[in-house]
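It should be emphasised that the depicted structure is a prediction, and the values quoted were computed from it without experimental measurement.
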Amino acid sequence: MFHTPIVPRARKRSRPVDAGVSRREEVKFEDVRLYLVERKMGHSRRSFLTQLARSKGFAVEDVLSNEVTHVVSEDSTASSLWNWLKECAPKNLPNMHVLDISWFTDSMREGRPVAVETRHLIQDTLPTLPEGPTPTAVATVSQYACQRRTTTENNNKIFTDAFEVLVEIYEFNEIEGPCLAFRRAASVLKSLPWAVQCLGDTHNLPCLGEHTKAIMEVRPTLFTSVFGVGPKTAEKWYRRGLRSFSEILADRSIRLNRMQQSGFQHYGDISRAVSKAEALALRNIIDEAVHAITPDAVLALTGGFRRGKEFGHDVDFIVTTTEMGKEEGLLPRIIDKLTKEGILLYCDYQASTFDISKLPSRRFEAMDHFAKCFLILRLEDSQVGGGLHIAEGDIRGWRAVRVDLVSPPMDRYAFALLGWSGSRQFERDLRRFARMERHMLLDNHALYDKTKKEFLAATTEKDIFAHLGLEYIEPWQRNA
Ligand code: DCT
Ligand code: MG
């Protein structure tokens with residue numbers, strides 16, 4: 001189902017003359033030298049497989065020398081295989097791939113050495129029960145996203161897209177259990193440095209239940225929404241038999257609120273991904289605006305773009321002032337400035353309801369209480385390095401972009417930055433980890449130690465990870 005690129009080995013060396021390779025067949029893959037372990041495989045099967053591999057252009061060594069790059073075994077008892085390999089002790093053993101027969105059969109089928117994946121490896125582990133499953137590296141995948149490293153490279157998009165559609169459907173119907181289960185499953189799959197090829201690959205992974213696995217064969221359908229239209233409104237319209245935008249806009253009994261009007265008005269632009277270049281252009285615009293208001297302004301790009309994403313659905317910023325208290329009124333002044341510049345297309349401002357005496361909050365999924373605004377800004381082509389990310393033939397010279405600004409007081413900055421950097425699943429698991437494993441409460445405002453009954457101060461994200469006893473995970477590794 002999937003095509004995996006060959007990962008060439010870094011080491012290149014010339015072929016020794018006397019390597020025991022059949023001279024009748026041409027060696028096509030210079031960097032790969034196989035050795036088939038006879039134990040368990042048997043002499044005649046080994047000869048057969050050796051001939052088969054050589055006929056396909058693979059170099060197969062008769063002895064386990066230091067030239068071997070790939071050791072293939074049918075011995076499913078990892079400990080006895082490794083004991084035997086160590087007894088034979090080629091110096092190069094640490095650099096060799098020790099693989100089960102699935103790598104060999106995959107390679108024969110493809111007619112080339114396929115990339116080595118975790119599922120192919122026979123790991124050198126502590127002795128396991130003789131009848132136990134073949135230990136593989138996947139057993140070490142943590143159930144917590146905050147102990148996994150998830151980059152924007154998603155090798156399992158085909159599955160995670162499907163799960164995310166299901167999450168939306170369950171969320172829509174307010175069914176929490178499966179919603180959470182699919183979210184966690186998608187997140188685990190995103191963290192894998194390899195593509196899941198078959199259900200067997202998911203054997204040792206956390207958070208993948210039977211239901212989730214059964215659905216891994218379902219193809220995703222497209223599900224889009226309009227800015228300002230929540231699941232309840234969407235369902236109401238659907239129940240009334242409305243199936244298209246034009247039907248909704250033509251229905252006189254429907255009164256769209258201001259947000260929905262903007263949602264429909266700018267639908268094309270808002271549903272179109274925002275590029276990194278557009279996000280950086282917006283940072284320049286907002287940076288100029290805030291520094292014109294106050295010289296001690298602090299502006300940080302957060303959300304998906306801070307995690308290194310190339311595209312996002314909006315652009316998220318934290319904006320505050322180094323002097324505590326001076327951030328009050330900052331957002332209305334920024335909004336005012338953007339209005340005067342003529343680039344504010346829509347604005348929903350929510351004043352701060354932050355009250356330190358109400359902390360810690362038990363509703364760890366709840367929105368934070370900082371002042372914030374949800375904007376739609378007009379971005380000109382001339383402001384973006386490399387131009388706007390717009391459809392071919394779009395000659396307007398500008399586009400609308402969704403921008404969120406959040407404004408915490410400076411002593412809450414680290415918590416707000418961590419919370420708004422996402423991903424949402426990474427944040428959820430960070431909070432769950434804090435609660436379950438550390439008896440602490442974390443949200444966008446603070447970290448509270450329930451055992452010591454005290455708040456833990458932090459000026460950087462690293463401080464927060466340290467309080468939680470977690471290894472620091474860089475923003476680009478939080479794409480859970
Ligand atoms: N967040 C939050 N409270 C909110 C909204 C968001 O703490 N009320 C956090 C969760 C992730 C982060 O802020 C950014 O949210 P999004 O913009 O929705 O996600 P993203 O990761 O930036 O993804 P996208 O690229 O789609 O914008
Ligand atoms: Mg975002």
Side-chain angles (χ1 to χ4, degrees), residues 226-228 257-306 311-323 325-354 367-390 394 396-410 413 416-417 420:
V226 178
F227 177 58
N257 64 28
R258 211 169 48 87
M259 197 182 211
Q260 291 160 348
Q261 285 174 19
S262 303
F264 278 108
Q265 190 182 346
H266 302 293
Y267 182 80
D269 278 346
I270 293 173
S271 59
R272 194 176 179 83
V274 184
S275 70
K276 189 187 270 180
E278 289 170 334
L280 296 178
L282 282 158
R283 184 174 64 185
N284 289 341
I285 291 167
I286 293 166
D287 195 59
E288 221 167 88
V290 293
H291 281 99
I293 293 165
T294 169
D296 75 339
V298 175
L299 178 73
L301 180 62
T302 150
F305 289 108
R306 181 161 184 250
F311 292 96
H313 96 283
D314 65 358
V315 193
D316 308 283
F317 294 99
I318 294 187
V319 53
T320 184
T321 50
T322 48
E323 195 182 316
K326 248 180 104 180
E327 80 287 349
E328 280 172 36
L330 182 59
L331 287 186
R333 292 179 71 188
I334 296 172
I335 291 163
D336 195 44
K337 186 130 199 341
L338 298 174
T339 310
K340 290 202 176 109
E341 287 174 22
I343 63 169
L344 193 75
L345 302 175
Y346 172 83
C347 171
D348 174 13
Y349 169 68
Q350 299 181 357
S352 168
T353 54
F354 177 61
M367 266 233 192
D368 63 52
H369 295 279
F370 303 128
K372 57 176 77 67
C373 56
F374 307 107
L375 311 176
I376 299 177
L377 296 186
R378 179 186 164 112
L379 185 60
E380 302 291 330
D381 188 59
S382 59
Q383 294 168 307
V384 183
L388 287 171
H389 177 243
I390 44 175
D394 183 340
R396 289 173 303 164
W398 67 275
R399 69 166 287 185
V401 183
R402 276 269 303 108
V403 174
D404 288 348
L405 305 182
V406 59
S407 188
M410 199 58 195
Y413 181 80
L417 181 64
W420 277 81

Would you say that V406 contacts D316 through its side chain, given a criterion of any heavy-atom pair below 4.5 Å between the two side chains?
no

On a heavy-atom basis, which atom in A279 and which in V315 lie closest, and how many Å separate them?
CB-CG1, 3.8 Å

Can you check side chain to side chain contact (heavy atoms under 4.5 Å, CB included) on Q350 and F374, steps first, answer last?
CA-CA 9 Å; Q350 299 181 357; F374 307 107; 3.6 Å; yes

Is the shortest heavy-atom distance from the side chain of I318 to the side chain of V298 under 4.5 Å?
no

Minimum heavy-atom separation for E278 and A273, please, with both atom names.
OE1-O, 4.1 Å

The criterion is salt bridge (charged side-chain N to carboxylate O under 4.0 Å, His left out); which residues satisfy it with R378, sequence neighbours excluded?
E380

How many angstroms lie between atom CZ of R396 and atom CG of D381, to the nearest 0.5 angstrom?
10.5 Å

Mind checking salt bridge (charged side-chain N to carboxylate O under 4.0 Å, His left out) for D336 and listing every partner two or more places apart, or none if nothing turns up?
K340

Donor-acceptor contact present, side-chain S262 to main-chain R258, <3.5 Å:
yes

Would you please classify the geometry between the F354 ring and the F370 ring as parallel, tilted or perpendicular, with 30° and 60° separating the classes?
tilted

When rounded to the nearest 0.5 angstrom, what is the spacing between CE in M259 and CG in D348?
5.0 Å

State the OG1-CD distance between T294 and E327, to the nearest 0.5 angstrom.
11.0 Å

Do you know the tightest heavy-atom contact between A292 and K337?
CB-CE, 3.7 Å

Would a 4.5 Å heavy-atom cut-off, applied to side chains only, mark S275 and F311 as touching?
yes

Below 4.5 Å, heavy atoms only, C-beta onward: do V274 and F305 meet side chain to side chain?
yes

How far apart are the closest heavy atoms of P408 and T320, and which atoms are they?
O-OG1, 2.8 Å

Check against side chain to side chain contact (heavy atoms under 4.5 Å, CB included), W420 and K372:
CA-CA 12 Å; W420 277 81; K372 57 176 77 67; 3.9 Å; yes

Salt bridge or not between D394 and R272? Use side-chain N to carboxylate O under 4.0 Å.
no

Here the pair of heavy atoms bringing G263 nearest to V226 is C-CG1, 3.5 Å

Carefully, step by step, assess Y346 and F227 under the rule ring-ring contact (aromatic ring centres under 6.0 Å, His included).
CA-CA 11 Å; Y346 172 83; F227 177 58; 5.5 Å; yes

What residues form a side chain to side chain donor-acceptor pair (under 3.5 Å) with T339, not counting sequence neighbours?
none

Any side-chain heavy-atom pair from L375 and F317 closer than 4.5 angstrom?
no

Backbone N or O of N257 within a donor-acceptor pair of the Q260 side chain at under 3.5 Å?
yes

Under 3.5 Å, side chain of D296 to main-chain N/O of T321, donor-acceptor pair present?
no

Which residues pass the side chain to side chain donor-acceptor pair (under 3.5 Å) test with R402, not counting sequence neighbours?
D404

By salt bridge (charged side-chain N to carboxylate O under 4.0 Å, His left out), which residues pair with R333, not counting sequence neighbours?
none

Spatial distance of atom SG (C347) from atom CG (L331) [nearest 0.5 Å]:
9.0 Å

As a test of understanding, state which of L388, I343, D269 forms a side chain to side chain contact (heavy atoms under 4.5 Å, CB included) with L379.
L388

Compare every heavy atom of A289 with every heavy atom of L338, then report the nearest pair and how far apart it is.
CD2-CB, 4.5 Å

Rounded distance (nearest 0.5 Å) linking atom CG of L377 with atom CG of L282
6.0 Å

Taking C-beta and beyond as the side chain, do R399 and V384 meet within less than 4.5 Å on heavy atoms?
no

Any residue meeting salt bridge (charged side-chain N to carboxylate O under 4.0 Å, His left out) with R306, in chain and number order, not counting sequence neighbours
E461

Check whether any side-chain heavy atom of V403 lies under 4.5 Å from a side-chain heavy atom of I286, and answer yes or no.
yes

Do R283 and L299 touch side chain to side chain, with heavy atoms closer than 4.5 Å?
yes

